Structures are given as C-alpha cells and as structure tokens.
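Small disclaimer: the values here were computed from a predicted structure and weren't measured.
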Amino acid sequence: MSEGVALGGSGGDVALVTPAEYEHLISEFAEKDEDVRMLLSLVHILRGYSTVPALVKNFKALRGVSDEEAMRKCKALTKELRKRGVLWRGFYDEFVCPEGFEEVFERVVSAFVHEVVRKRPLEDFFEECKAKNDTAALKMLELLLKMPLQERGATQYEMLRADISDMFSPAKFLELEERFIAEGICIYGKKARREFLELRHSEAEKISLRDAMLEYRQEVLSTRAEEVERAVSGMLDEMKENSELVKSLASQMNVPAESKILKKIIGDFSGFSMDDTFFFLTASFSILSNFLVVVLTDTLSRYDVREWRTYPDPTLFLVEEMPRWVKDIESVFKDAYPPLSERKIAIASLKTKEAFANYESDALSIFLERLGISEIQPFPK
C-alpha cells in the first residue's frame with residue numbers, strides 16, 4: 001500500500017500519511033513512554049475489545065496503580081493518541097489502529113508487547129496454586145477453562161463473577177481478577193454487550209492445563225468417591241442377598257432367582273468416572289427399575305448446574321457444601337434451555353446432610369438414605 005490515509009481528529013489537524021510515516025509516528029510515541037507502550041499493547045492483545053473500561057481494568061492490574069490513576073492515565077493517553085492519529089475509535093467506543101495500517105501496527109507493537117505485558121506459563125501458575133492449596137484460584141482456573149466467552153442470557157464475565165462470589169466472596173473475585181491479569185494469566189475485554197476474562201494462552205497450553213486439572217480433580221474427589229461407592233455397593237449387595245425380595249421379583253418377572261437380569265433390575269451402580277468437560281466424577285445408579293445420574297463434586301457453580309446435560313434423566317449432584325444460590329435457584333436458570341421446570345435436579349450436601357430436589361424418585365430417596373440423608377426438601381421459592 002503506497003497511498004496515504006487521513007489521520008487525526010478530536011481537535012487535531014487531519015493529515016494524509018503513508019504507512020512509513022505512520023510507523024515512524026507510532027514508534028516515536030512508543031519509544032518515549034512506557035505507559036504508551038502498555039496502552040498500545042493492550043489494544044493489540046484485546047483485538048477490538050479495547051474500550052475504556054477494559055483498558056483501565058487491565059492497566060490498573062498490570063501497572064499496580066489505583067483505579068483513579070489508571071482512569072486518568074488511560075483517558076489522557078487515548079485522547080492524545082487519537083488526536084495524533086495513532087488510534088481510532090470504533091463504533092462501540094473501542095480503540096483500534098487506523099484502518100489500512102493493521103500490518104504496521106502489528107509489526108511495531110509486536111516488538112515490545114511481550115516485554116510490556118508479560119504472560120506467565122499456565123502450568124507454572126497451576127502448580128503454584130496447587131502447592132498453596134489455593135482453592136479459589138484453582139476454581140477460577142477451572143471455570144475459565146470451561147466457560148465459553150459468549151454465553152446465552154448473561155456474559156461470561158457476569159457468570160464467572162457470580163460463581164466465584166457465591167463460592168467465596170465478591171472481594172475474593174476482585175482480588176483474583178486483578179491477580180490473574182497482573183500475572184499474565186488473563187486479559188479483560190469489554191465491548192457493547194460482551195464482557196469476558198480470557199486466558200492468554202494457546203490452545204495447546206489450555207489442553208495441557210485441562211489434562212493436569214482432570215488429574216488433580218480426580219485426586220481431590222477420589223476419597224469421597226470411594227466412601228460413596230462402598231456405601232451404595234454395600235446396600236445393593238444386601239438387597240441381592242435378601243431372599244424374600246429376590247423370590248418375589250423372580251416370581252413377578254417369571255425368571256430364575258439366580259438370573260443376572262434379575263440382579264441388574266434389583267440394582268446397579270457403575271462406579272464413578274471422570275467427566276472431562278465439567279471435571280466431575282459421575283456414575284449411573286438404578287434400583288428396582290428407577291434410574292439416577294449421580295454427579296460428585298466439592299463445589300457446584302451456577303454455570304455447572306445450568307449447563308449440565310443429562311436431562312431428561314433425573315440427576316443428583318453430591319457436593320461438600322450446599323451452594324448459597326440454592327435459595328434462589330430460579331434466577332440461576334433464567335433464560336436457560338431447557339428451563340428448570342423441564343429438568344429433574346437434586347442437590348445434596350455430604351457435610352450437612354441436607355438435600356433439595358424438584359422431583360420425587362425412589363432411587364433418589366434410597367440412595368440418599370444410604371448416605372445418611374433422610375429428608376429431601378423442595379427448592380426454596
């Protein structure tokens with residue numbers, strides 16, 4: 001491209017410049033001010049999601065300054081860079097390089113972006129969180145791996161913030177958000193109705209983290225899974241050894257008492273295996289022709305329960321602590337498909353021995369009773 005492009009605006013003189021002149025202009029600005037390099041790097045990384053709120057949040061975390069200082073700096077710098085034609089403002093108030101100069105912008109900013117906005121290896125960060133038993137940071141990583149950037153009915157950022165705030169606290173979410181950005185794990189983007197925190201790593205790195213997370217989650221949940229498996233398997237063995245029950249069923253079905261089919265109908269429990277999408281241990285349980293999907297986890301987020309896909313089969317989520325949002329479960333399923341009314345969901349706490357459900361089932365009652373949970377309440381209205 002050899003023709004010039006008109007730059008300037010917002011009170012500045014409009015000038016026709018060539019790619020070489022634009023490269024000199026942007027390089028001159030970047031060389032003399034690290035804050036400019038930071039801002040240009042953020043515009044480059046955010047790929048069009050570089051509105052003022054996004055620039056300010058990232059600038060604040062990366063530079064370690066106050067909200068007020070970050071806002072002052074970003075507004076002053078974007079005003080000057082727009083005035084000189086280094087940046088343009090898009091339809092949704094995002095900051096971008098001038099049209100036609102994308103290659104020049106990419107070449108100049110790529111020379112310093114990784115030094116200015118450093119990116120920490122995911123595996124290194126994950127291992128540190130594991131070593132410190134930082135459950136909040138680990139849960140944030142897990143949700144970032146699972147959540148798509150575009151969600152129905154709510155932005156990814158809204159759902160992530162709600163989940164971490166519910167499980168820990170709103171203050172903990174803000175702390176983690178700033179830490180993840182500052183350490184080069186995430187970038188925050190916002191434009192129009194889309195808002196997200198995105199891992200700044202390649203798909204290969206994310207897959208590697210997912211594999212490590214699956215192994216870690218298996219270890220975390222294994223002891224609890226063994227306890228549940230022993231309890232339920234013991235119950236089924238007792239039923240299959242109950243001669244009166246076996247004879248009655250054999251007579252009703254007109255099959256031999258020692259039939260394998262009969263034993264399967266009396267009850268069957270598959271044992272837990274890892275679900276590699278949600279990082280849960282799952283199993284199927286049937287008793288006297290009643291079927292139940294059992295999901296074992298320590299913490300259950302709004303996103304997890306909303307996106308779980310075993311309907312129309314009745315599902316039991318076994319958790320350590322009962323989620324706070326259980327008292328407002330209707331809001332969790334707002335705009336969800338299928339709606340809560342078309343799903344059969346139960347949630348039980350192994351720690352507090354309480355359970356809630358929106359359906360009745362012999363399999364559910366028998367299963368929970370064996371785990372010491374005798375009462376199942378309807379979800380609060």
Side-chain angles (χ1 to χ4, degrees), residues 30 33-67 69-71 73-74 77-78 94-95 105-149 155-157 160-161 163-164 168 171-191 194-213 216:
D33 192 331
E34 187 168 352
D35 285 341
V36 170
R37 290 196 293 278
M38 173 68 73
L39 193 79
L40 294 175
S41 295
L42 289 173
V43 170
H44 168 79
I45 294 169
L46 286 168
R47 307 182 306 278
Y49 289 90
S50 46
T51 55
V52 168
L55 293 174
V56 170
K57 189 183 287 285
N58 290 303
F59 191 95
K60 174 184 183 292
L62 290 162
R63 299 297 276 170
V65 298
S66 66
D67 288 316
E69 177 67 6
M71 179 65 78
K73 277 280 188 181
C74 289
L77 289 174
T78 51
E94 74 278 17
F95 290 95
F105 185 85
E106 172 82 17
R107 183 169 63 252
V108 174
V109 180
S110 292
F112 55 74
V113 62
H114 297 300
E115 287 299 316
V116 176
V117 188
R118 295 182 183 276
K119 182 170 63 174
R120 184 174 180 184
L122 267 178
E123 185 176 351
D124 175 57
F125 183 74
F126 173 63
E127 291 300 327
E128 179 185 292
C129 293
K130 274 175 52 182
K132 294 181 177 179
N133 195 28
D134 190 341
T135 55
L138 288 166
K139 192 64 184 182
M140 183 103 147
L141 271 179
E142 179 188 326
L143 289 170
L144 284 166
L145 279 175
K146 292 192 287 192
M147 285 184 174
L149 295 186
T155 69
Q156 178 256 24
Y157 183 82
L160 184 64
R161 179 175 58 192
D163 279 353
I164 297 298
F168 303 97
K172 174 57 72 172
F173 170 74
L174 294 176
E175 175 193 319
L176 287 173
E177 176 186 49
E178 188 160 327
R179 175 183 163 197
F180 273 51
I181 295 172
E183 296 198 33
I185 302 301
C186 279
I187 197 78
Y188 168 79
K190 183 175 184 180
K191 181 172 70 174
R194 195 172 186 195
E195 187 179 19
F196 55 84
L197 278 174
E198 181 180 16
L199 291 170
R200 291 182 53 206
H201 302 76
S202 67
E203 285 306 309
E205 290 173 288
K206 292 175 187 177
I207 290 171
S208 179
L209 174 61
R210 180 178 290 275
D211 291 343
M213 182 71 76
Y216 166 73

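- By the 4.5 Å heavy-atom criterion applied to side chains, Val116 and Leu62 are not counted as neighbours.
- With respect to Glu128 and Arg120, a salt bridge is recorded, a charged nitrogen being found less than 4.0 Å from a carboxylate O.
- A pairwise comparison of heavy atoms in Glu115 and Arg118 identifies OE1-NH2, 3.0 Å as the closest pair.
- Between Phe59 and Glu69 there is no side-chain heavy-atom pair separated by less than 4.5 Å.
- Taking CD1 of Ile164 as the start and CG of Leu174 as the end, the distance is 11.5 Å to the nearest 0.5 Å.
- The distance from the SG atom of Cys129 to the CE atom of Met213 is 8.5 Å, given to the nearest 0.5 Å.
- None of Glu195, Lys60, Glu198, Glu178 except one satisfies the side-chain contact (heavy atoms from CB on, under 4.5 Å) rule with Tyr188; the exception is Glu195.
- When all heavy atoms are compared, the tightest approach of Leu39 to Cys74 is CD1-SG, 4.1 Å.
- Judged by distance alone, the side chain of Ser41 and the main-chain N or O of Arg37 form a donor-acceptor pair under 3.5 Å.
- Side chain of Lys172 to main chain of Ala136: no donor-acceptor pair is present (N/O by atom type, distance under 3.5 Å, no hydrogens or angles).
- Residues Ala61 and Ala182 share a closest heavy-atom pair of O-CB, 3.4 Å.
- The shortest side-chain heavy-atom distance between Leu46 and Asn58 falls under the 4.5 Å cut-off.
- For the atom pair Thr155 OG1 and Met147 CE, the distance stands at 9.5 Å (nearest 0.5 Å).
- Nearest approach of Ala137 to Phe180, heavy atoms of both residues: O-CZ, 3.6 Å.
- Within the 4.5 Å cutoff, no side-chain heavy atoms of His201 are placed close to those of Leu209.
- Annotation: salt bridge (Lys or Arg N to Asp or Glu O under 4.0 Å) contacts of Lys73 (sequence neighbours excluded): Asp35.
- Annotation: the span from Lys146 atom NZ to Arg210 atom CZ amounts to 9.0 Å, rounded to 0.5 Å.
- Interatomic distance, CZ of Arg200 versus CG of Leu122, reported as 10.5 Å (0.5 Å rounding).
- Legend: residues meeting salt bridge (Lys or Arg N to Asp or Glu O under 4.0 Å) with Lys57, ordered by chain and number and at least two apart, are Glu177.
- Using a cutoff of 4.0 Å between basic side-chain nitrogens and carboxylate oxygens, Glu175 and Arg179 are not scored as salt-bridged.
- Between Leu77 and Asp33 the shortest heavy-atom distance is CD2-OD2, 4.4 Å.
- A distance of 10.5 Å separates CG of Asp163 from CZ of Phe168, quoted to the nearest 0.5 Å.
- Leu160 places none of its side-chain heavy atoms less than 4.5 Å from the side chain of Phe196.
- Just one of Glu94, Arg194, Lys191 meets the side-chain hydrogen bond (donor to acceptor under 3.5 Å, both in side chains) condition when paired with Tyr49; it is Arg194.
- In terms of modelled atom types and a separation under 3.5 Å, the side chain of Arg63 and the main chain of Ala70 share no donor-acceptor contact.
- Counting only heavy atoms from C-beta outward, the side chains of Thr135 and Lys139 never approach each other to under 4.5 Å.
- You'll find the side chain of Tyr216 reaches within 4.5 Å of the side chain of Leu138, heavy atoms only.
- In this structure the side chain of Leu42 never reaches within 4.5 angstrom of the side chain of Ser50, judged on heavy atoms.
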- Query: Can you list the steps and then say if Ile187 with Leu197 is a side chain to side chain contact (heavy atoms under 4.5 Å, CB included)?
  - Reply: CA-CA 6 Å; Ile187 197 78; Leu197 278 174; over 6 Å; no
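- A side-chain N or O of Ser202 and one of Glu205 form a donor-acceptor pair less than 3.5 Å apart.
- The aromatic rings of His44 and Phe105 sit tilted relative to each other, their planes meeting at an angle between 30° and 60°.
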